[in-house]
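This report refers to the structure that appears directly beneath it.
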Amino acid sequence: MKILSKVLVASGLCFYATLAVAQKTDQFMGEIVNYDEETVPSYELPALLKTNKGRQVSNIGTWEKVRRPEIIQLFEENVYGYTPKKFDSIRYLVTNEVPDAMGGRAHLKEVAIRVWNKGNSVTINLVLFTPNKSRQPAPVFLLINNRGKRNTDPTRAMKSEFWPAEMVIDSGYAVAAFHVSDAAPDNKTDYSHGVLDQLYPEVLQQANGMKAIGAWAWAASRVMDYFTTDKAVNAKRVALVGHSRGGKTALWAGAQDQRFAMVVSSCSGSTGASLARRKYGETVSLINKQFGYWFNDNYKQFSKNVDALPVDQHMLIALMAPRPVYTTNAAQDRWADPRGSYLSVVNALPAFRLYDGQLTLPSEMPALNEPVWRSVIGYHFRQGKHDLNVYDWSAVIKFAQTRL
Ligand code: GTR
């Protein structure tokens, strides 16, 4: 961009040069948003492989028994909130079934997953297509749908790149989705009406209680509970997929529930894959101002003091180890800090290397549309906007073919 601007200025096209140069800052909610790599502050990430007592983690045993649970707890306490583990009962009701959906290629089941606790209940509605061509239980891609419900239309009258169900089925996978609003409506006035006020009202009084993202992640685990009962799917081969706020949720759900065999985090940005300490694009302060109801109350105390956070997002990616994890970014989505996401993956590497000492990643951010796949780690930076589209899905499916 700098070179382009010099050339244009030299040829007298100053006006167009101004338009062509990517803006280095912006204003949002009374704050300056940084888009300039040169003004990213220097920062020190919290040590991934050092226990709270300062002991170096050098083997899988200490990682799994000590450090991993510590990191989960740090995220629970300071970012996403604690997720209650208990409920009284769960029932699965198939509300609609079409054995020859998609022109005979798939079997559709719509399942109401109803969970009770202390006399109240919530229902998570699952849409599931399994491929008819396979006789084996199918591996599944489960999408956390944070956009319109029509994106996961069971009738297939409406088709969307956000959930290209036919393409996933034709690749031999089952494809499933639930909508976040079944667990917690995605707005600051109603988010508590669902899992939070019906099943776990006490968490609403707690500074470290989960909020919307915690409730969405909880719902993903209830879908996993259902998968373990359905013989058409292979519950040991479930990839959890989420975009943006759904991508933050997918990482948090995959961190807590290791039954998810793979996690895909599309353009998840702040408090998803991106490093908070870079303060590039959306910051902790801005996300707390705009979407405070996604995270616990304790997280607010880091809005103006990110360096005091005992975690950064590389530690969340590390919690996926040794399972496959795929992170994506888009060129026009500077708000989500693509470089900060890639650096998160790079800084998560030491945890993956406890399992596979050969694993390395290029230290430089990959070029546009040149995915980097190294063993269980996948990353791509594609052209275009903040989205989950067919480019992303086809890359992720190909990546999964030898790993999920
Ligand atoms: C944005 C938000 C991001 C991201 C995105 C989305 O407005 O600032 O953190 O989650 O929404 O979910 O699409």
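Start at 1 and go down the list; that is how both ligands and their atoms are numbered.
Ligand 1 is surrounded by Ser244, Arg245, Lys248, Glu282, Ile287, Phe291, Trp294, Trp335, His386, each with at least one heavy atom closer than 4.0 Å.
In this view, Ala261 and Leu404 satisfy the side chain to side chain contact (heavy atoms under 4.5 Å, CB included) rule, not counting sequence neighbours. For Asp26, there are no side-chain hydrogen bond (donor to acceptor under 3.5 Å, both in side chains) partners two or more places apart in sequence or in a different chain. Checked against side-chain hydrogen bond (donor to acceptor under 3.5 Å, both in side chains), Gln198 has no partners two or more places apart in sequence or in another chain.
The local environment of CZ in Arg105 is crowded, with over 12 non-hydrogen atoms from other residues, nucleotides or ligands closer than 6.0 Å.
A salt bridge links Glu37 with Arg278: at least one charged nitrogen is closer than 4.0 Å to a carboxylate oxygen.
A donor-acceptor pair shorter than 3.5 Å cannot be found between the side chains of Thr25 and Asn34.
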